[in-house]
Amino acid sequence: MSRVPGWLGRLGAGLTEMSEQWNERRAEAERERGEAESRVGADEHVPPPPDYAPDVPARSDPALAVPWGVRVAAEAAWRLLILAGTLWVLMRVISAVQLVVLAFVSALLITALLQPTVGRLRRLGVPRGPATALTAILGFVIMGLIGWFVTWQVMENIDDLSGQIQDGIDELRNWLLNSPFHVTDKQINEIAKNLREAVGANTDQITSAGLEGVTVVVEALTGILLAVFSTLFLLYDGKRIWEWTLKLVPAAARPGMAGAGPAAWRTLTAYVRGTVIVALIDAIFIGLGIYFLDVPMAVPLAVFIFLFAFIPLVGAVVSGALAVVVALVTQGVFTAVMTLAVVLAVQQIEGHILQPFILGRAVRVHPLAVVLSVACGGMVAGIGGAVVAVPLVAVTNTVAGYLRSYSRESALRHSVRPRGATAVSAEPPAPDPPSE
């Protein structure tokens, strides 16, 4: 029993010694940790203690995983979608106020035609008010006389024309019977029967169209009044209207737009004046040709050719086809062929000589752009849209070109020239003054 207390004493002493050693090591570790933290605070370049977390592969930015071409296409796509949505909303608004838009655009075209006359009267000393009134009255009287003359000629010759058309139809029928196309009398009667049935089946639609004609007349009169008032104000106060419009433009873009506006107006004026001259030449020469070919209503047809010339490409085809059809049903196949030859000859001279010479480069638009713009204008706003489509494209082209040139010149004008030893002087250094 005497050995047990000695063994317990030695065990207690060992545990006490181990506890003291453990406390010393812990104090030494805390002291080293404090010294390391003090060194990190004094020197920021000391690397942090090692991270004992498990190694996890870092994930890259998802945008970097998308190919560059796809990212560019996506960036362009959403911008194009915004532009398409804006254009769609704009077209819906224009369709809702189509009558007002067409009346104002027509007023712009008429103003571009009459503005030079107002300028000449002002240079002669006539005040602005009388010059504007005199020019507007003269212009609208001339346009009204043209419309009255066409209506009068049609009403005067409608009876004779109907008889000539009936005779022409009989002659055309006899020619088809004796032609190498082997057309029989039964087939001709069948075609006539189908036409009569079609007319009879669509009587309700024709009647409703006639009733809707009253609404069309009212809308046309409203549009004419709006165009007249707009023309008067544009002729009298066009400069102030343009200055007020510039105030709606952001200040940063105002200098460029201030120069693009007059350039666009010069383009529009040149287009309208050139188109009037070309249409007048077409009407005179085609009218003389069909007059000498004894085609009835040569003068009204010439006026129709003049009016339809304001619709590029399509108007020339429609007016020429109308003259050929009238010649066919009234004078026969030979006269129709000669009329077609006259129309094609005048239109070829117009397209290759008159338009490039009279209109010039300022309003030159590619034929594909003309066709597409006329088609889009006709789909959106009918005949009125087809008339204003090409001048709108010409003006837009001029404005875009001017703003591009202005931006380039502005960038060159505000570019920072290099300084110091690397600067290259455009001029040779000045020589030293001579010593005395």
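The structure displayed is predicted, hence computed values, not measured ones. For this chain, numbers begin at 1 and follow the sequence in order.
Taking each heavy atom of Leu268 and Pro391 in turn, the nearest pair found is CD1-CB, 3.9 Å. Closest approach of Ala136 to Leu235, counting heavy atoms only: CB-CD1, 4.3 Å. Between Gly256 and Tyr402, the shortest heavy-atom contact is O-CE2, 3.4 Å. Listed here is the closest heavy atom pair of Val126 and Pro130: CG1-CB, 4.0 Å. For Val249 against Met257, the heavy-atom pair with the smallest separation is CG1-CG, 3.9 Å. Residues Ala112 and Thr269 approach most closely at O-CG2, 3.5 Å, considering heavy atoms.
Taking the six-membered ring for Trp and thresholds of 30 and 60 degrees, Phe304 and Phe308 have ring planes inclined between 30 and 60 degrees apart.
Identified under the side chain to side chain donor-acceptor pair (under 3.5 Å) test for residues 75-86, with sequence neighbours left out: Glu75-Trp78, Glu75-Arg79.
Applying the 6.0 Å contact sphere to CZ of Phe140 captures more than 12 heavy atoms from other residues, nucleotides or ligands.
A distance of 10.5 Å separates CG in Leu226 from OG1 in Thr231, rounded to the nearest 0.5 Å. For the atom pair CD1 (Ile137) and OG1 (Thr132), the distance works out to 10.5 Å, reported to the nearest 0.5 Å. Interatomic distance, CZ of Phe104 versus CG of Leu109, reported as 10.5 Å (0.5 Å rounding). Note that CG of Leu134 is 11.0 Å distant from CG of Leu114, once rounded to the nearest 0.5 Å. With rounding to the nearest 0.5 Å, the separation of CE in Met379 from CE in Met91 is 10.0 Å. With values rounded to the nearest 0.5 angstrom, Ile305 atom CD1 is found 14.0 Å from Ile281 atom CD1.
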**Request:** Report the C-alpha distance between Ile290 and Met338 in whole Å, list the side-chain angles of each, state the deciding distance to 0.1 Å, and finish with yes or no for side-chain contact (heavy atoms from CB on, under 4.5 Å).
**Result:** CA-CA 9 Å; Ile290 60 180; Met338 295 302 297; over 6 Å; no
**Prompt:** Can Ile110 and Met143 be said to form a side-chain contact (heavy atoms from CB on, under 4.5 Å), step by step?
**Reply:** CA-CA 10 Å; Ile110 298 172; Met143 287 185 283; 4.3 Å; yes
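Phe306 is not listed as a side-chain neighbour of Asp282, based on a closest heavy-atom distance of 4.5 Å or more. Between Trp68 and Val72 there is a side-chain heavy-atom pair separated by less than 4.5 Å. Side-chain contact between Leu322 and Leu301 is present, with heavy atoms from C-beta onward closer than 4.5 Å. Arg128 is listed as a side-chain neighbour of Asp237, based on a closest heavy-atom distance under 4.5 Å. When side chains are defined from C-beta on, Arg122 does not count as touching Pro127, because their heavy atoms never get closer than 4.5 Å.
At distances below 3.5 Å, not a single donor-acceptor pair connects side-chain atoms of Ser407 with backbone N or O atoms of Leu403. A donor-acceptor contact shorter than 3.5 Å links the side chain of Arg254 to the backbone of Leu246.
For Trp148, the ring-ring contact (aromatic ring centres under 6.0 Å, His included) partners at least two apart in sequence or on another chain are Trp152.
A side-chain contact (heavy atoms from CB on, under 4.5 Å) with Val395 holds for exactly one of Val399, Thr398, Leu392; it is Val399.
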